[in-house]
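The analysis underlying the following values was restricted to heavy atoms, covering all of them including side chains, and did not include hydrogens, waters or symmetry mates.
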Amino acid sequence: MAFNSIIVRLELNHSLISFGDVAAAVSRAGGDIISIDVIRAGTDNSVRDITIQGAEDAESIIVTALKELPGINVVNVSDRTFLTHLGGKISIQPKMPIRNRDDLSRVYTPGVARVSMAIHESVDKAYSLTIKRNTVAVVTDGTAVLGLGDIGPHAAAPVMEGKAMLFKQLADVDAFPICLDTKDTEEIIRTIKLISPIFGGINLEDISSPRCFEIETRLAEELDIPVFHDDQHGTAIVVIAGLLNALKVTGKQMSNVRVVVNGIGAAGVSICKMLLAAGVRNLVPVDREGIIVRGQSYSHPMWQWLAEQPQVGNHPGSLQDAVVGADVFVGVSRGNVLSADDVKTMAPDRIVFAMANPHPEIDPEAALPIVRVFATGRSDYPNQINNVLVFPGLFRGMLDCRARTVNEPIKLAAARAIAAVVTSSELNEQYIIPSIFNEKVVENVRRAVIEAAILTGVSRRTPPDFR
Ligand SMILES: NC(=O)C1=CN([C@@H]2O[C@H](COP(=O)(O)OP(=O)(O)OC[C@H]3O[C@@H](n4cnc5c(N)ncnc54)[C@H](O)[C@@H]3O)[C@@H](O)[C@H]2O)C=CC1
Ligand SMILES: CC(=O)C(=O)O
Ligand SMILES: [Mg+2]
């Protein structure tokens, strides 16, 4: 269940109501008072800000319950999540102050001209003399934002700002959100190419499928900096990391499990590809219209590719048919598409990764008692399988070795590095994947990425700690 907190400013008429009545009403409506600030105290009346935590869907019930009490005036309700977003979540800071004319003539004209000419003569110097070496563009067109769908570039911005914050805090990468007002594949490709000189990498985010596949492939071919569609590969990498450890917990093997992947969009396609590369021999991809079947024809190029793979089953059916006897369910589709009864038809020691955001494919409270290993994409349950475990360390590594591109060995190395953060003595049903706050994650992923980039010949620099 998702929790949120609200701050409610109340004016209380003491002859009609006590604070105990307020607390009781909040509790009956499903909220917990977690703090109280007295704004104005008086003998006849007072004004207080109370911070209430409750289920996301209980907010209006709590506020209505308060408004119905006699002697109370609800002055204002503020949502703490919205307060966090006021004015946006990131800003750009200069690295040094400009204190006098001397500073000015070095950071700007005339001194800057010599630096510009040095880069003009040798463009590689952009890495050493500009922000390029540490800067990533987080680019979206707002068409597949989390599981919210096509909500447009303006509405996508808070998510992109959030990604930029995570880049900075976790890996000291300067990431800039770019929300494009176009859905045209060619226009997106051209725009990203045009803005690419200042960036050391491109993180594509929340661009819907199938356009995302062509956009990424073309940009990877046409640019000499890494282009990485986070929802495809970040998600696939973290799923493989989680699955490697979940299989250890259940004592099952990648080559023997039947894996259902629900939602064959950006994330689902890449997950299927990586599962096959990791040795899965029995894969059941499912989308809205049911199971994607080997031997059938599909207009979607990636579904067609899947239908040609020998590891993909040839039995048609619904999601409910697909999960019968399955060992693993990976959901990257939308919320609440699976019931507890469906999950009970899976094989014993079942593994369920219900990763749709913000609402998982199955209610965690319903799933937890009936599965062996359960994970979601969210931070309020154990085992958060989220691509945030990948992109900060992956880009840190790629920027540090100035990788030209991201390849399959780099992705697999990142998955193994994340899985390895959880030691065998720590590993259990509730802990198959490290927390994003585990400091080893970024460094392990960084090192694995650099090693793989050097070994596969796509690095352009050997970082000092690798010399
Ligand atoms: N936990 C994590 O790290 C991540 C989670 N996600 C979540 O996965 C979901 C999909 O994301 P993307 O692949 O980027 O979106 P997408 O739009 O590219 O793909 C979604 C796919 O799910 C299918 N789908 C929709 N309803 C379905 C249903 N009832 N049954 C089966 N398939 C259905 C769609 O037809 C589409 O093919 C979203 O909820 C997103 O938040 C995505 C990336 C990372
Ligand atoms: C986590 C993420 O990237 C998504 O849900 O789209
Ligand atoms: Mg995303």
Side-chain angles (χ1 to χ4, degrees), residues 144 147 149 207-214 216-217 229 231-233 235-237 239-240 242-243 246-247 252-356 360-362 367 371 375 385 408 411:
I207 298 177
S208 65
S209 63
R211 290 169 317 126
C212 62
F213 303 117
E214 184 176 355
E216 187 195 44
T217 309
H229 184 196
D231 299 283
Q232 288 185 59
H233 315 302
T235 316
I237 290 168
V239 164
I240 298 297
L243 191 55
L247 291 175
K252 297 187 183 185
Q253 306 292 319
M254 204 65 97
S255 54
N256 293 333
V257 283
R258 191 148 87 81
V259 185
V260 174
V261 178
N262 194 52
I264 308 301
V269 165
S270 187
I271 290 167
C272 286
K273 282 187 168 175
M274 224 171 153
L275 285 169
L276 296 180
V280 165
R281 292 195 304 197
N282 192 345
L283 179 66
V284 189
V286 186
D287 205 88
R288 268 184 242 261
E289 280 122 55
I291 299 175
I292 293 170
V293 180
R294 175 160 45 88
Q296 279 200 8
S297 296
Y298 296 94
S299 56
H300 188 303
M302 295 299 168
W303 296 9
Q304 181 60 34
W305 181 85
L306 278 168
E308 289 163 11
Q309 302 311 305
Q311 303 92 331
V312 169
N314 58 359
H315 296 292
S318 63
L319 171 62
Q320 281 62 34
D321 299 323
V323 292
V324 177
D327 302 280
V328 180
F329 170 88
V330 178
V332 273
S333 51
R334 49 175 297 235
N336 302 312
V337 294
L338 206 61
S339 71
D341 284 342
D342 300 331
V343 171
K344 283 181 190 159
T345 68
M346 292 175 67
D349 292 324
R350 48 193 81 115
I351 298 167
V352 171
F353 294 173
M355 295 169 51
E361 279 73 5
I362 178 166
V371 300
I385 300 203
E408 296 310 310
K411 293 179 205 163

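Summarising the geometry of F213 relative to G265, their closest heavy-atom pair is CZ-O, 3.8 Å, with the distance given to 0.1 Å. When all heavy atoms of S270 and A236 are compared, the closest pair comes out as OG-CB, 3.4 Å. The two residues I362 and A340 have their closest heavy-atom pair at CD1-N, 3.9 Å. Between L247 and Q253, the shortest heavy-atom distance links the atoms CD1-C, 4.2 Å. Of all the heavy atoms in P316 and V293, the pair that sits closest is CA-CG2, 3.6 Å. In this structure, M254 and V257 approach most closely via the heavy-atom pair O-CG2, 3.5 Å.
For the pair R281 and N256, the minimum side-chain heavy-atom distance is below 4.5 Å.
The CD1 atom of I264 lies 9.0 Å from the NE2 atom of H300; values are rounded to the nearest 0.5 Å. The OG atom of S209 sits 9.5 Å away from the CE atom of M302 when rounded to the nearest 0.5 Å. Taking CG of N314 as the reference point, atom CD1 of I291 lies at 10.5 Å (rounded to 0.5 Å). With values rounded to the nearest 0.5 angstrom, L275 atom CG is found 11.5 Å from N282 atom CG. The line from CD1 of I385 to CD1 of I237 is 13.5 Å long, rounded to the nearest 0.5 Å. Taking CH2 from W303 and CG from D287, the interatomic distance works out to 3.5 Å, rounded to the nearest 0.5 Å.
The side-chain contact (heavy atoms from CB on, under 4.5 Å) check on D321 picks up S318, with sequence neighbours excluded. Scored by the side chain to side chain donor-acceptor pair (under 3.5 Å) test, E214 finds R218 as partners (sequence neighbours excluded). Remark: R294 engages no residue in a side chain to side chain donor-acceptor pair (under 3.5 Å) (not counting sequence neighbours). With sequence neighbours left out, H229 forms a ring-ring contact (aromatic ring centres under 6.0 Å, His included) with no residue at all. Not counting sequence neighbours, the partners of Q309 by the side-chain contact (heavy atoms from CB on, under 4.5 Å) test are L276, W305, Q311, V312.
Panel note: side chain Q232, backbone A266; no donor-acceptor pair is recorded below 3.5 Å.
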ask   = Yes or no on side-chain contact (heavy atoms from CB on, under 4.5 Å) for D342 and L319, after CA distance, side-chain angles and deciding distance?
value = CA-CA 9 Å; D342 300 331; L319 171 62; 5.8 Å; no
key: Steps toward side-chain contact (heavy atoms from CB on, under 4.5 Å) verdict (V261, F353)   = CA-CA 10 Å; V261 178; F353 294 173; over 6 Å; no
Donor-acceptor contacts, no H, no angles, side chain residues 322-333, under 3.5 Å, sequence neighbours left out:
unit_1, atom_1, unit_2, atom_2, d
D327, OD1, K252, NZ, 2.7
D327, OD2, R258, N, 2.8
S333, OG, N262, ND2, 3.0
S333, OG, E361, OE2, 2.9

